[in-house]
Amino acid sequence: MSDSRAPEVRDLGQVTFHIEGPLGIVTLNRPEVLNAQGYELLAQVDQAFDLAQADQAIRVVIVRGAGSVFSAGHDLSPGQQRGDDPLERYNEFKKYNLDLLLKWRDFPKPTIAMVDGYCIYAGWMLAAVMDLVFASDQAQFLGGFVEYNSIPWDLGFRKAKEICFESRFMTAAECQAAGFVSRVFPAEDLEHETRAFARRVAENHPFTLRMTKLQINKAQDAQGFRSLLEDSLGDYVAMMFMPGFSTILEDKKRLRAVDLAVRGRRGERYGQDGTQRET
């Protein structure tokens, strides 16, 4: 394995792709909106993964967010869906909320999500498709019933129900205890430790890594993982367009469940202050 070439940076627009020896580093680069994910950003993430796959010298891919946040979730600003035809809109929605995520989950090289700050909904989805999740001790995770519904496997079925029912943030330590996060580091050590681990992985033969990942993913698929994701997307789309219901609080431009979690962090929900206790 050669590590002699000079580092290289490719600016794809809302995403940057760094090549550092055997590492490919994909950075969500919208810090002004906490790395919210729209279709343009996701298309560029996919472009970065294609570059990493084509480069045989890259052995491991790390995904991170610019600034102090991994991703605050979906970009809810108007105009994210570009098509007018219903079938075109569905195909586009499925592409960016399931098909590309499965493609990255099955990426033939090891992948690591390096999470600091918020990792909310679409952020969780992106982290979940990576092989490993390394997090800072300041990271805050919010999962739920989303388009890519991996959370029963990410946390276990009962823990997933607990988190989704209540809509609350999880610490990195709690996510590690549940099995979603692999390792937790002080924020100042996260990048160094993640890169060091990735370089140790890169010392392994790429064929060994490929076959190891393939077999473990097959084990998960044998449990019904992929078929559940396909089926769950349909339920999510039905919920989104059910008459009389919206997943978004229009006055706040925030998902209802995210708003509950934010209120919980402020101590504003039932049982979280002395005036809201049952007698």
Side-chain angles (χ1 to χ4, degrees), residues 1-3 5-31 35-66 70-71 74-75 80-83 88 91-115 119 122-134 147-148 150 194-195 198-199 201-202 204-214 216-218 220-221 225-226 229-230 233:
M1 180 184 66
S2 174
D3 195 7
R5 64 177 176 174
E8 180 181 347
V9 180
R10 301 190 187 186
D11 186 353
L12 305 179
Q14 297 183 7
V15 168
T16 59
F17 182 58
H18 294 67
I19 300 173
E20 297 182 9
L23 308 184
I25 302 172
V26 181
T27 302
L28 313 185
N29 195 25
R30 300 185 74 202
N35 299 316
Q37 301 177 37
Y39 288 172
E40 183 177 357
L41 179 142
L42 292 169
Q44 291 169 11
V45 169
D46 190 48
Q47 184 181 352
F49 270 95
D50 286 345
L51 291 170
Q53 182 167 351
D55 191 332
Q56 293 186 5
I58 293 176
R59 299 284 182 87
V60 182
V61 173
I62 297 171
V63 178
R64 63 191 297 274
F70 182 72
S71 175
H74 298 84
D75 187 343
Q80 287 301 307
Q81 287 196 314
R82 297 182 287 263
E88 181 182 353
N91 288 338
E92 186 179 53
F93 184 86
K94 183 172 180 289
K95 172 184 176 180
Y96 288 108
N97 290 285
L98 179 62
D99 296 340
L100 286 182
L101 290 159
L102 283 171
K103 176 184 174 182
W104 304 332
R105 180 252 186 181
D106 294 330
F107 186 72
K109 303 177 184 183
T111 58
I112 305 171
M114 186 172 72
V115 178
C119 182
W124 184 296
M125 290 161 56
L126 181 58
V129 300
M130 302 301 125
D131 297 313
L132 302 172
V133 181
F134 284 14
E147 297 90 328
Y148 183 89
S150 65
T194 303
R195 289 174 185 244
R199 284 182 174 270
V201 172
N204 212 331
H205 194 284
F207 191 55
T208 301
L209 294 171
R210 176 71 185 107
M211 296 309 293
T212 299
K213 177 169 179 173
L214 181 65
I216 295 173
N217 280 5
K218 281 183 176 180
Q220 191 179 34
D221 288 339
F225 179 76
R226 187 176 295 264
L229 294 174
E230 293 276 357
L233 182 77

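When a residue number appears, it is its place in the shown sequence, counting from 1.
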### Summary
Residue pairs meeting side-chain hydrogen bond (donor to acceptor under 3.5 Å, both in side chains), one or both in residues 47-57, sequence neighbours left out, come to R5-D55, D50-K103
### Task
Verify, without hydrogens or angle tests, whether T27 (side chain) and A66 (backbone) share a donor-acceptor contact under 3.5 angstrom.
no
### Sub-4.5 Å side-chain heavy-atom contact between E40 and D75
no
### Task
Look only at the side chain of Q44 and the backbone of Q14, and say whether a donor-acceptor pair between them is shorter than 3.5 Å.
yes
### Task
Please name the pair of heavy atoms, one in T111 and one in V129, separated by the smallest distance, quoted to 0.1 Å.
OG1-O, 4.3 Å
### Message
Can you tell me how far apart CG (D46) and CG (L12) are? Round to the nearest 0.5 Å.
### Response
11.0 Å
### Summary
CG of L233 to NZ of K94, rounded to nearest 0.5 Å, is 7.0 Å
### Query
Taking only residues two or more places apart in sequence, or in another chain, which ones meet K213 in a side chain to side chain donor-acceptor pair (under 3.5 Å)?
D131
### Message
How close do V61 and I58 get, counting heavy atoms only, and between which atoms?
### Response
CG2-CG2, 4.3 Å
### Query
Can you name the nearest heavy-atom pair linking L41 to V15, along with the distance?
O-CG2, 3.7 Å
#### Entry: M125 vs H74 side-chain heavy atoms within contact, under 4.5 Å
yes
## Note on the structure
Taking every heavy atom of R210 against every heavy atom of P108, the minimum-distance pair comes out as CD-O, 3.2 Å
### Task
Look up atom CD1 in I112 and atom CZ in R64, then write down how far apart they are to the nearest 0.5 Å.
13.0 Å
### Task
Look up atom CD in E147 and atom CG in L98, then write down how far apart they are to the nearest 0.5 Å.
10.0 Å
### Task
Mark yes or no for whether Q37, through its side chain, and A122, through its backbone, hold a donor-acceptor pair below 3.5 Å.
yes
### Query
CE/M114 to CD1/I62 distance, rounded to the nearest 0.5 angstrom?
6.0 Å
### Message
According to side chain to side chain donor-acceptor pair (under 3.5 Å), who are the partners of N204, at least two apart in sequence or on a separate chain?
### Response
none
